[in-house]
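A short write-up of the structure that comes next.
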Amino acid sequence: MSSQPTQSFSQRLIAWQKQHGRHDLPWQVADPYRVWLSEIMLQQTQVATVRDYYPRFVAAFPDVAALAAAEQDAVLALWAGLGYYSRARNLHKAAQQIISDFNGEFPQQRSQLEQLCGVGRSTAAAIAAFAFQQRETILDGNVKRVLCRVFALDGNPADKTFEKQLWALAESLLPAQADDMPAYTQGLMDLGATVCKRSRPDCAVCPMADICQAKAQNRTAELPRKKTAAAVAEMPLFWLQLRNAQGQILLHKRPQRGIWAGLYCLPCFDSADEMHRFAEKAGVAGAVRTDTPFSHRLTHRLLQIQPFAADLPDDSALPWADGVWVNPQDLRDYALPKPLMRYLGEAVRQADLFG
DNA sequence: AAGTCGGGGGG
DNA sequence: CCCCCAGACTT
(Lines give C-alpha, C1' and ligand atoms only; values in the text may rest on other atoms or scores of the structure.)
Protein backbone atom coordinates (compact mmCIF):
# COMPACT_ATOMS: atom_id res chain seq x y z
CA MET A 1 0.00 0.00 0.00
CA SER A 2 1.25 3.46 -0.83
CA SER A 3 -0.90 5.51 1.52
CA GLN A 4 0.82 8.65 2.65
CA PRO A 5 1.07 8.99 6.41
CA THR A 6 -0.62 12.39 6.16
CA GLN A 7 -3.72 10.99 4.52
CA SER A 8 -6.57 10.75 7.00
CA PHE A 9 -7.79 7.46 8.45
CA SER A 10 -11.13 7.85 6.71
CA GLN A 11 -9.66 8.71 3.31
CA ARG A 12 -7.37 5.71 3.27
CA LEU A 13 -10.20 3.46 4.40
CA ILE A 14 -12.58 4.74 1.74
CA ALA A 15 -10.00 4.37 -1.02
CA TRP A 16 -9.15 0.88 0.18
CA GLN A 17 -12.79 -0.17 0.41
CA LYS A 18 -13.51 0.92 -3.15
CA GLN A 19 -10.58 -1.10 -4.47
CA HIS A 20 -10.36 -4.06 -2.15
CA GLY A 21 -13.54 -4.19 -0.10
CA ARG A 22 -16.60 -6.40 -0.52
CA HIS A 23 -19.09 -5.26 -3.14
CA ASP A 24 -21.12 -8.39 -3.84
CA LEU A 25 -23.07 -8.83 -0.62
CA PRO A 26 -26.80 -9.19 -1.31
CA TRP A 27 -27.75 -6.55 1.27
CA GLN A 28 -25.59 -3.81 -0.26
CA VAL A 29 -28.65 -1.98 -1.55
CA ALA A 30 -30.32 1.38 -0.94
CA ASP A 31 -33.43 -0.19 0.61
CA PRO A 32 -33.41 0.57 4.37
CA TYR A 33 -35.56 -2.49 5.07
CA ARG A 34 -32.95 -4.80 3.59
CA VAL A 35 -30.10 -2.98 5.27
CA TRP A 36 -31.90 -3.24 8.61
CA LEU A 37 -32.69 -6.94 8.14
CA SER A 38 -29.08 -7.71 7.28
CA GLU A 39 -27.76 -5.76 10.27
CA ILE A 40 -30.01 -7.70 12.64
CA MET A 41 -29.09 -11.06 11.10
CA LEU A 42 -25.41 -10.16 11.27
CA GLN A 43 -25.44 -9.36 14.98
CA GLN A 44 -22.97 -11.84 16.51
CA THR A 45 -23.28 -13.86 13.33
CA GLN A 46 -20.80 -14.26 10.50
CA VAL A 47 -21.49 -13.27 6.90
CA ALA A 48 -21.15 -16.85 5.62
CA THR A 49 -23.95 -17.99 7.94
CA VAL A 50 -26.31 -15.13 7.05
CA ARG A 51 -25.91 -15.72 3.32
CA ASP A 52 -28.18 -18.78 3.54
CA TYR A 53 -30.93 -17.15 5.60
CA TYR A 54 -31.16 -13.65 4.14
CA PRO A 55 -32.54 -14.44 0.65
CA ARG A 56 -35.21 -16.80 1.98
CA PHE A 57 -36.34 -14.20 4.48
CA VAL A 58 -36.49 -11.39 1.91
CA ALA A 59 -38.41 -13.61 -0.50
CA ALA A 60 -41.00 -14.40 2.16
CA PHE A 61 -41.18 -10.85 3.57
CA PRO A 62 -40.09 -8.40 0.85
CA ASP A 63 -40.90 -5.22 2.80
CA VAL A 64 -41.80 -3.80 6.21
CA ALA A 65 -45.54 -4.11 5.64
CA ALA A 66 -45.28 -7.80 4.77
CA LEU A 67 -43.18 -8.47 7.84
CA ALA A 68 -45.47 -6.49 10.13
CA ALA A 69 -48.50 -8.44 8.90
CA ALA A 70 -46.87 -11.84 9.34
CA GLU A 71 -47.49 -14.36 12.11
CA GLN A 72 -44.67 -14.70 14.62
CA ASP A 73 -44.48 -18.43 13.89
CA ALA A 74 -43.81 -17.71 10.21
CA VAL A 75 -41.05 -15.24 11.08
CA LEU A 76 -39.40 -17.61 13.55
CA ALA A 77 -39.61 -20.51 11.09
CA LEU A 78 -37.36 -18.56 8.71
CA TRP A 79 -34.99 -17.71 11.56
CA ALA A 80 -34.77 -21.27 12.92
CA GLY A 81 -31.15 -22.36 13.19
CA LEU A 82 -29.75 -18.85 13.08
CA GLY A 83 -29.78 -18.40 16.84
CA TYR A 84 -30.46 -15.47 19.17
CA TYR A 85 -34.18 -15.71 18.49
CA SER A 86 -34.97 -12.50 20.35
CA ARG A 87 -33.60 -10.85 17.21
CA ALA A 88 -36.45 -12.32 15.17
CA ARG A 89 -39.10 -11.48 17.75
CA ASN A 90 -37.79 -7.91 18.01
CA LEU A 91 -37.53 -7.60 14.23
CA HIS A 92 -41.18 -8.54 13.95
CA LYS A 93 -42.18 -6.07 16.68
CA ALA A 94 -40.07 -3.32 15.12
CA ALA A 95 -41.80 -3.78 11.76
CA GLN A 96 -45.08 -3.15 13.54
CA GLN A 97 -43.53 -0.15 15.30
CA ILE A 98 -42.61 1.32 11.91
CA ILE A 99 -46.20 0.91 10.73
CA SER A 100 -47.80 2.31 13.89
CA ASP A 101 -45.26 4.86 15.17
CA PHE A 102 -43.68 6.06 11.91
CA ASN A 103 -46.63 5.81 9.52
CA GLY A 104 -44.96 2.98 7.65
CA GLU A 105 -42.09 5.30 6.70
CA PHE A 106 -38.66 3.98 7.62
CA PRO A 107 -37.07 6.35 10.18
CA GLN A 108 -33.83 7.99 9.04
CA GLN A 109 -32.31 9.50 12.17
CA ARG A 110 -30.18 7.43 14.48
CA SER A 111 -32.22 8.56 17.49
CA GLN A 112 -35.41 7.32 15.83
CA LEU A 113 -33.84 4.08 14.68
CA GLU A 114 -32.72 3.36 18.25
CA GLN A 115 -36.38 3.38 19.29
CA LEU A 116 -36.95 0.23 17.25
CA CYS A 117 -36.90 -3.04 19.18
CA GLY A 118 -33.58 -4.82 18.78
CA VAL A 119 -31.80 -1.78 17.34
CA GLY A 120 -29.01 -0.43 19.53
CA ARG A 121 -26.61 2.40 18.85
CA SER A 122 -24.28 0.55 16.47
CA THR A 123 -27.04 -1.04 14.41
CA ALA A 124 -28.89 2.28 14.23
CA ALA A 125 -25.72 3.95 13.01
CA ALA A 126 -25.16 1.27 10.38
CA ILE A 127 -28.66 1.72 8.97
CA ALA A 128 -28.34 5.51 9.07
CA ALA A 129 -24.97 5.39 7.30
CA PHE A 130 -25.75 2.76 4.66
CA ALA A 131 -29.31 3.67 3.79
CA PHE A 132 -29.40 7.42 4.52
CA GLN A 133 -25.77 8.61 4.34
CA GLN A 134 -25.83 9.96 7.86
CA ARG A 135 -22.56 10.74 9.64
CA GLU A 136 -22.98 8.19 12.43
CA THR A 137 -20.38 5.70 13.53
CA ILE A 138 -20.74 2.01 14.08
CA LEU A 139 -18.79 0.21 16.80
CA ASP A 140 -18.96 -3.53 16.37
CA GLY A 141 -16.45 -6.27 17.04
CA ASN A 142 -14.60 -5.52 13.81
CA VAL A 143 -14.26 -1.82 14.51
CA LYS A 144 -13.14 -2.36 18.10
CA ARG A 145 -10.41 -4.70 16.91
CA VAL A 146 -9.22 -2.29 14.21
CA LEU A 147 -9.16 0.68 16.60
CA CYS A 148 -7.46 -1.21 19.41
CA ARG A 149 -4.70 -2.21 17.01
CA VAL A 150 -4.22 0.97 14.96
CA PHE A 151 -4.08 3.06 18.15
CA ALA A 152 -2.57 0.37 20.41
CA LEU A 153 -5.38 0.56 22.98
CA ASP A 154 -5.12 -2.10 25.66
CA GLY A 155 -8.20 -1.27 27.68
CA ASN A 156 -10.42 -3.90 29.25
CA PRO A 157 -13.26 -4.66 26.81
CA ALA A 158 -15.65 -5.08 29.77
CA ASP A 159 -14.85 -1.61 31.08
CA LYS A 160 -17.60 0.93 30.46
CA THR A 161 -15.18 3.86 30.41
CA PHE A 162 -13.03 2.19 27.81
CA GLU A 163 -16.13 1.52 25.75
CA LYS A 164 -16.97 5.23 25.84
CA GLN A 165 -13.48 6.12 24.72
CA LEU A 166 -13.83 3.79 21.76
CA TRP A 167 -17.11 5.45 20.76
CA ALA A 168 -15.51 8.89 20.99
CA LEU A 169 -12.51 7.79 18.95
CA ALA A 170 -14.72 6.18 16.31
CA GLU A 171 -16.75 9.38 16.02
CA SER A 172 -13.63 11.50 15.65
CA LEU A 173 -12.54 9.42 12.66
CA LEU A 174 -15.69 9.90 10.57
CA PRO A 175 -15.20 11.32 7.07
CA ALA A 176 -16.25 14.93 6.51
CA GLN A 177 -18.45 14.18 3.52
CA ALA A 178 -21.75 12.47 4.30
CA ASP A 179 -21.87 10.76 0.93
CA ASP A 180 -18.70 8.88 1.86
CA MET A 181 -20.49 7.16 4.74
CA PRO A 182 -21.56 3.96 2.97
CA ALA A 183 -18.07 3.21 1.64
CA TYR A 184 -16.46 4.26 4.91
CA THR A 185 -18.74 2.14 7.08
CA GLN A 186 -18.41 -0.84 4.77
CA GLY A 187 -14.65 -0.30 4.86
CA LEU A 188 -14.57 -0.55 8.65
CA MET A 189 -16.39 -3.87 8.50
CA ASP A 190 -14.42 -5.20 5.54
CA LEU A 191 -11.05 -4.31 7.04
CA GLY A 192 -11.86 -6.08 10.30
CA ALA A 193 -13.40 -9.10 8.61
CA THR A 194 -10.90 -9.72 5.81
CA VAL A 195 -7.57 -8.12 6.83
CA CYS A 196 -7.41 -7.11 10.49
CA LYS A 197 -8.68 -10.54 11.53
CA ARG A 198 -8.77 -11.83 15.10
CA SER A 199 -5.93 -14.21 14.45
CA ARG A 200 -3.20 -13.88 11.88
CA PRO A 201 -4.01 -10.37 10.64
CA ASP A 202 -2.84 -9.77 7.08
CA CYS A 203 -0.77 -6.66 7.77
CA ALA A 204 1.04 -6.92 4.43
CA VAL A 205 -2.05 -5.75 2.56
CA CYS A 206 -3.48 -3.43 5.23
CA PRO A 207 -4.04 0.21 4.26
CA MET A 208 -3.27 1.22 7.87
CA ALA A 209 -0.02 -0.74 8.14
CA ASP A 210 2.25 2.32 8.18
CA ILE A 211 0.30 4.07 10.94
CA CYS A 212 -0.68 0.98 12.95
CA GLN A 213 0.79 1.26 16.43
CA ALA A 214 0.11 -2.38 17.35
CA LYS A 215 2.08 -3.43 14.28
CA ALA A 216 4.90 -1.02 15.11
CA GLN A 217 5.01 -2.37 18.67
CA ASN A 218 4.66 -5.98 17.50
CA ARG A 219 1.51 -6.36 19.59
CA THR A 220 -1.14 -7.34 17.02
CA ALA A 221 -1.52 -10.73 18.70
CA GLU A 222 -2.28 -9.31 22.15
CA LEU A 223 -4.59 -6.51 21.01
CA PRO A 224 -7.44 -6.18 21.53
CA ARG A 225 -7.41 -7.68 25.02
CA LYS A 226 -9.44 -10.84 25.40
CA LYS A 227 -12.66 -10.92 27.35
CA THR A 228 -12.71 -13.06 30.46
CA ALA A 229 -14.59 -16.23 29.61
CA ALA A 230 -17.75 -16.87 31.62
CA ALA A 231 -18.30 -20.27 33.22
CA VAL A 232 -20.64 -22.53 31.32
CA ALA A 233 -23.10 -24.41 33.53
CA GLU A 234 -24.40 -27.82 32.56
CA MET A 235 -28.17 -28.10 32.17
CA PRO A 236 -29.85 -31.52 31.92
CA LEU A 237 -32.87 -31.68 29.61
CA PHE A 238 -35.26 -34.58 29.09
CA TRP A 239 -37.22 -34.73 25.85
CA LEU A 240 -40.12 -37.03 25.06
CA GLN A 241 -40.90 -37.80 21.44
CA LEU A 242 -44.53 -38.87 21.29
CA ARG A 243 -45.96 -40.33 18.08
CA ASN A 244 -49.62 -40.97 17.48
CA ALA A 245 -51.15 -43.62 15.25
CA GLN A 246 -50.93 -41.31 12.24
CA GLY A 247 -47.17 -40.97 12.71
CA GLN A 248 -47.48 -37.38 13.86
CA ILE A 249 -45.13 -35.91 16.44
CA LEU A 250 -46.23 -33.83 19.41
CA LEU A 251 -44.68 -30.35 19.62
CA HIS A 252 -45.42 -27.31 21.74
CA LYS A 253 -44.58 -23.64 21.43
CA ARG A 254 -42.08 -22.55 24.05
CA PRO A 255 -42.77 -19.51 26.24
CA GLN A 256 -41.79 -16.03 25.05
CA ARG A 257 -38.73 -15.86 27.26
CA GLY A 258 -35.80 -18.07 28.05
CA ILE A 259 -33.89 -20.44 25.82
CA TRP A 260 -35.44 -20.95 22.36
CA ALA A 261 -38.27 -18.57 23.25
CA GLY A 262 -41.22 -18.87 20.88
CA LEU A 263 -39.79 -21.89 19.08
CA TYR A 264 -41.42 -25.31 18.86
CA CYS A 265 -39.98 -28.21 20.84
CA LEU A 266 -40.76 -31.69 22.09
CA PRO A 267 -42.31 -31.97 25.55
CA CYS A 268 -39.36 -30.98 27.68
CA PHE A 269 -38.68 -31.79 31.35
CA ASP A 270 -36.10 -30.96 34.00
CA SER A 271 -35.83 -34.55 35.21
CA ALA A 272 -36.49 -38.11 34.11
CA ASP A 273 -39.06 -38.35 36.93
CA GLU A 274 -41.09 -35.52 35.50
CA MET A 275 -40.96 -37.10 32.08
CA HIS A 276 -42.18 -40.44 33.48
CA ARG A 277 -45.06 -38.79 35.34
CA PHE A 278 -46.13 -37.15 32.10
CA ALA A 279 -45.83 -40.45 30.21
CA GLU A 280 -47.97 -42.10 32.83
CA LYS A 281 -50.75 -39.56 32.41
CA ALA A 282 -50.49 -40.01 28.65
CA GLY A 283 -50.94 -43.75 29.13
CA VAL A 284 -47.59 -44.74 27.66
CA ALA A 285 -45.63 -45.37 30.86
CA GLY A 286 -44.70 -48.89 29.81
CA ALA A 287 -43.85 -47.97 26.22
CA VAL A 288 -41.15 -45.35 26.80
CA ARG A 289 -37.88 -46.08 25.04
CA THR A 290 -34.59 -44.44 25.96
CA ASP A 291 -32.75 -42.88 23.06
CA THR A 292 -29.08 -41.94 22.71
CA PRO A 293 -28.19 -38.88 24.80
CA PHE A 294 -26.24 -36.01 23.31
CA SER A 295 -24.98 -32.61 24.35
CA HIS A 296 -25.48 -29.19 22.80
CA ARG A 297 -23.44 -26.13 23.60
CA LEU A 298 -24.93 -22.65 23.92
CA THR A 299 -22.91 -19.58 24.82
CA HIS A 300 -23.72 -19.84 28.51
CA ARG A 301 -25.04 -23.39 28.91
CA LEU A 302 -23.99 -26.92 28.10
CA LEU A 303 -27.25 -28.73 27.47
CA GLN A 304 -27.17 -32.45 28.34
CA ILE A 305 -30.11 -33.79 26.40
CA GLN A 306 -31.67 -37.18 27.20
CA PRO A 307 -34.31 -38.05 24.60
CA PHE A 308 -37.08 -40.57 25.18
CA ALA A 309 -39.63 -41.86 22.68
CA ALA A 310 -43.03 -43.55 22.87
CA ASP A 311 -45.89 -44.41 20.55
CA LEU A 312 -49.32 -43.29 21.61
CA PRO A 313 -52.34 -45.58 21.27
CA ASP A 314 -55.24 -44.09 19.36
CA ASP A 315 -57.61 -43.64 22.26
CA SER A 316 -55.26 -42.28 24.88
CA ALA A 317 -56.04 -38.87 26.31
CA LEU A 318 -53.21 -36.40 26.31
CA PRO A 319 -52.84 -34.48 29.57
CA TRP A 320 -51.74 -31.37 27.78
CA ALA A 321 -53.58 -28.37 26.46
CA ASP A 322 -51.23 -26.52 24.15
CA GLY A 323 -49.71 -29.30 22.08
CA VAL A 324 -49.79 -29.59 18.30
CA TRP A 325 -49.51 -32.79 16.27
CA VAL A 326 -47.21 -32.35 13.29
CA ASN A 327 -46.68 -34.58 10.27
CA PRO A 328 -42.97 -35.33 9.77
CA GLN A 329 -43.02 -33.77 6.30
CA ASP A 330 -44.41 -30.54 7.78
CA LEU A 331 -41.63 -30.11 10.34
CA ARG A 332 -39.85 -27.62 8.06
CA ASP A 333 -42.72 -25.18 8.55
CA TYR A 334 -41.98 -24.99 12.29
CA ALA A 335 -39.25 -23.07 14.04
CA LEU A 336 -37.23 -25.85 15.66
CA PRO A 337 -34.02 -25.39 17.67
CA LYS A 338 -30.99 -26.68 15.78
CA PRO A 339 -30.37 -29.74 17.99
CA LEU A 340 -34.03 -30.75 17.70
CA MET A 341 -33.81 -30.30 13.94
CA ARG A 342 -30.90 -32.72 13.90
CA TYR A 343 -32.47 -35.18 16.31
CA LEU A 344 -35.85 -35.32 14.58
CA GLY A 345 -34.15 -35.54 11.22
CA GLU A 346 -32.54 -38.77 12.31
CA ALA A 347 -35.65 -40.02 14.08
CA VAL A 348 -37.79 -39.40 11.02
CA ARG A 349 -35.34 -41.22 8.77
CA GLN A 350 -35.38 -44.16 11.20
CA ALA A 351 -39.16 -44.23 11.18
CA ASP A 352 -39.22 -44.12 7.39
CA LEU A 353 -36.89 -47.10 7.20
CA PHE A 354 -39.03 -49.22 9.46
CA GLY A 355 -42.47 -47.80 8.83
C1' DA B 1 -21.07 -4.57 35.66
C1' DA B 2 -22.70 -8.97 34.93
C1' DG B 3 -25.91 -12.20 32.96
C1' DT B 4 -28.99 -13.77 29.14
C1' DC B 5 -29.71 -14.95 24.69
C1' DG B 6 -27.48 -19.77 19.46
C1' DG B 7 -24.95 -21.45 16.50
C1' DG B 8 -20.96 -21.81 13.74
C1' DG B 9 -16.14 -20.60 11.97
C1' DG B 10 -11.47 -21.35 12.45
C1' DG B 11 -7.25 -21.94 14.84
C1' DC C 1 -10.47 -27.26 23.12
C1' DC C 2 -10.60 -22.22 22.65
C1' DC C 3 -12.31 -17.25 21.36
C1' DC C 4 -15.06 -14.56 18.54
C1' DC C 5 -18.70 -13.06 15.27
C1' DA C 6 -22.01 -6.25 11.36
C1' DG C 7 -24.91 -6.71 19.84
C1' DA C 8 -29.07 -5.70 22.45
C1' DC C 9 -31.47 -6.17 26.47
C1' DT C 10 -32.38 -7.30 31.40
C1' DT C 11 -31.11 -7.44 36.10
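Values below: all heavy atoms of this structure, side chains included; hydrogens, waters and symmetry mates excluded. Reminder, nothing fancy here: chain letters follow the sequence lines and each chain counts from 1.
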*Of the residues in residues 72-84 of chain A, which ones touch DNA chain B at a heavy-atom distance under 4.0 Å?*
A:Gly81, A:Leu82, A:Gly83, A:Tyr84
*What is the 5' to 3' range of DNA chain C, first to last nucleotide, that sits under 4.0 Å from any heavy atom of chain A?*
C:dC3 to C:dT11
*side-chain contact (heavy atoms from CB on, under 4.5 Å) involving A:Gln256 - partner list, sequence neighbours excluded*: A:Gln72, A:Arg89, A:Lys253
*What nucleic acid atoms does A:Arg89 come within less than 4.0 Å of, heavy atoms only: base, sugar-phosphate, or nothing?*
nothing
*Using a heavy-atom cut-off of under 4.0 Å over every strand shown, decide if A:Thr299 touches base, sugar-phosphate, or nothing.*
base
*Would you please name every residue forming a side-chain hydrogen bond (donor to acceptor under 3.5 Å, both in side chains) with A:Asp190, sequence neighbours left out?*
A:Gln17, A:Arg22, A:Gln186
*A:Ala70 and A:Val75: which non-hydrogen atoms are nearest, and at how many Å?*
CB-CG2, 4.0 Å
*What side chain to side chain donor-acceptor pair (under 3.5 Å) pairs are there with at least one residue in residues 226-238 of chain A, not counting sequence neighbours?*
A:Glu234-A:Gln304
*Heavy-atom contacts under 4.0 Å between residues 176-186 of chain A and DNA chain B, which residues?*
none
Please tabulate the protein-to-nucleotide N/O contacts below 3.5 Å involving nucleotides 2-4 of chain B, giving atom names and distances.
from	atom 1	to	atom 2	distance (Å)
B:dT4	OP1	A:Arg301	NH2	3.4

*List in numerical order all residues of residues 232-240 of chain A for which some heavy atom is under 4.0 Å away from an atom belonging to DNA chain C.*
none
*Does A:His296 have a side-chain nitrogen or oxygen under 4.0 Å from the phosphate oxygens OP1 or OP2 of B:dG7?*
yes
*Quick one: label A:Leu25 by what it contacts on the DNA or RNA (base, sugar-phosphate, nothing), any heavy atom closer than 4.0 Å.*
base
_Short of 4.0 Å, heavy atom to strand atom, which residues of residues 32-46 of chain A count as contacting DNA chain B?_
A:Gln44, A:Thr45, A:Gln46
*Taking atom CD of A:Glu114 and atom CD of A:Glu136, what is their separation to the nearest 0.5 Å?*
8.5 Å
*What are the residues of residues 136-147 of chain A, sorted by number, that bring a heavy atom to within less than 4.0 Å of DNA chain C?*
A:Asp140, A:Gly141, A:Asn142, A:Arg145
*Identified stems (criterion: three or more consecutive Watson-Crick or G-U pairs, under 3.5 Å), DNA chain B*: B:1-5 with C:7-11, B:7-11 with C:1-5
*Decide side chain to side chain donor-acceptor pair (under 3.5 Å) for A:Arg243 and A:Gln241; before the verdict, give the C-alpha distance in whole Å, the side-chain angles of both, and the deciding distance to 0.1 Å.*
CA-CA 7 Å; A:Arg243 295 240 194 178; A:Gln241 182 191 168; 3.2 Å; yes
*Kindly state each residue pair satisfying side chain to side chain donor-acceptor pair (under 3.5 Å) with at least one member in residues 261-273 of chain A, sequence neighbours excluded.*
A:Asp73-A:Tyr264
*asked:* Please classify the nucleic acid contact of A:Val47 as base, sugar-phosphate, or nothing, using heavy-atom distances under 4.0 Å.
replied: base
